[in-house]
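Have a look at the structure below before the remarks.
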Amino acid sequence: MGRGKIVIRRIDNSTSRQVTFSKRRNGLLKKAKELAILCDAEVGVMIFSSTGKLYEFASTSIKSVIERYTKAKEEHHQFGDPASEVKLWQREAAMLRQQLHTLQESHRQMMGEELSGLSVKDLQNLENQLEISLKGVRMKKDQLLMDEIQDLNRKGNLIHQENVELYKKVNLIRQENMELRKKVYGTRDVSGANRNPFLTNGLDIGEDSHGPVNLQLSQPQQQNYEEPARATKLGRLQLH
């Protein structure tokens with residue numbers, strides 16, 4: 001069975017009125033939060049109960065929402081009035097000059113200048129801010145150093161892997177050269193065993209049949225012909 005239509009009027013029963021307020025308040029704040037997240041809008045909601053209790057929600061802060069609302073209302077009312085527009089821009093420029101002066105003063109104090117007008121508490125706050133800033137700088141520096149170390153280690157590992165691959169290739173080429181040398185030397189030995197022995201009589205042929213042939217003439221052995229001549233002379237003397 002469907003729900004009946006609720007009449008929009010003040011609830012007389014205080015208990016029912018408080019329960020309805022609590023439910024609808026929570027629903028309104030939830031819708032405001034969803035609107036801020038889904039639509040990227042700056043939302044501010046303020047609710048005062050019948051007892052004067054404040055309930056609020058702001059996507060940024062209630063103060064910034066109120067300031068923005070006030071500024072928008074002033075611009076809306078002053079739109080089209082040249083004098084009011086000039087005053088608005090003068091006020092905006094003065095506010096920007098004040099912010100610039102404050103930032104410059106804070107920067108000088110961070111650099112250790114113009115500290116005479118600061119109290120002990122102000123100096124303590126400044127010291128805490130400097131320590132926080134220094135801690136952040138050191139953390140960032142350490143992070144950058146760690147990233148550089150990791151990058152160098154990664155490059156070193158890549159170079160090591162490349163060296164291992166090159167070493168494997170060199171060993172493979174060396175093995176192929178040894179196999180080729182064995183094949184060449186084996187062919188040379190077989191060809192040397194089948195050479196004609198008559199060609200080497202009196203000639204010196206180099207071992208490598210595929211290389212240039214070196215021919216050398218061997219000296220003939222000197223025969224002794226004097227002994228028979230002497231024997232003939234001796235025979236003649238004996239015959240006389």
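- Under a 4.5 Å side-chain heavy-atom cut-off, the cluster of Ile, Leu, Val, Met, Phe, Trp and Tyr residues that includes Ile62 is completed by Met46, Phe48, Leu54, Ile66.
- No donor-acceptor pair closer than 3.5 Å links the side chain of Ser106 to the backbone N or O of Thr102.
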Residues 22-40, side-chain donor-acceptor partners within the protein, below 3.5 Å, at least two apart:
from, atom 1, to, atom 2, distance (Å)
Arg25, NH1, Tyr55, OH, 3.3
Asn26, ND2, Ser22, O, 3.1

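- Connection of Ile47 to Val43 is established within a shared hydrophobic cluster, with ILVMFWY side chains joined at heavy-atom distances below 4.5 Å, either directly or through further cluster members.
- Side-chain contact between Lys121 and Asn125: present, with at least one pair of heavy atoms (C-beta onward) separated by less than 4.5 Å.
- Rounding to the nearest 0.5 angstrom, the gap separating the CG atom in Leu134 from the CD atom in Gln129 is 13.5 Å.
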Please test Glu179 against Glu176 for side-chain contact (heavy atoms from CB on, under 4.5 Å), starting from the C-alpha separation and ending with a verdict.
CA-CA 5 Å; Glu179 294 294 333; Glu176 292 177 354; 5.7 Å; no
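- Going from atom OG of Ser61 over to atom CD of Glu67 covers 7.5 Å, rounded to the nearest 0.5 Å.
- When Asn153, Asp147, Leu152 are each tested for a side-chain contact (heavy atoms from CB on, under 4.5 Å) with Ile149, only one passes: Asn153.
- With a 6.0 Å radius and a threshold of 12 heavy atoms from other residues, nucleotides or ligands, Met139 has its CE atom at or below the threshold.
- One finds the CD atom of Gln104 at 12.0 Å from the CD atom of Gln99 (value rounded to the nearest 0.5 Å).
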I'd like to know whether Ser119 forms a side-chain contact (heavy atoms from CB on, under 4.5 Å) with Gln124, so could you lay out the CA-CA distance, the side-chain angles of the two residues, the decisive distance to 0.1 Å, and finally the verdict.
CA-CA 9 Å; Ser119 63; Gln124 185 66 38; over 6 Å; no
side-chain contact (heavy atoms from CB on, under 4.5 Å), that's the test. Do Lys168 and Leu172 meet it? Break it down for me.
CA-CA 6 Å; Lys168 290 180 180 180; Leu172 181 62; over 6 Å; no
Test side-chain hydrogen bond (donor to acceptor under 3.5 Å, both in side chains) on Glu42 and Ser59; report intermediate values, then the result.
CA-CA 6 Å; Glu42 187 175 4; Ser59 56; 5.4 Å; no
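- Ion pairing between a basic and an acidic side chain is recognised when a charged N comes within 4.0 Å of a carboxylate O; Asp151 and Lys155 show such pairing.
- Linking Ile, Leu, Val, Met, Phe, Trp and Tyr residues whenever their side-chain heavy atoms come within less than 4.5 Å leaves Ile11 and Phe21 in two separate clusters.
- Ion pairing between Glu92 and Lys71 holds under the 4.0 Å rule for side-chain N and carboxylate O.
- Separation of atoms CG (Asn157) and NE2 (His160) is listed at 8.0 Å; rounding is to 0.5 Å.
- Contact check for Met110 versus Leu126: side-chain heavy atoms found under the 4.5 Å cut-off.
- Other residues, nucleotides and ligands place more than 12 heavy atoms under 6.0 Å from the CZ atom of Arg108.
- Interatomic distance, CD of Glu148 versus CD of Gln143, reported as 11.0 Å (0.5 Å rounding).
- Scanning for side-chain contact (heavy atoms from CB on, under 4.5 Å) contacts around Arg10 gives Asp12, Arg17, with sequence neighbours left out.
- Looking at every heavy atom in both residues, Ala58 comes nearest to Val65 through CB-CG2, 4.5 Å.
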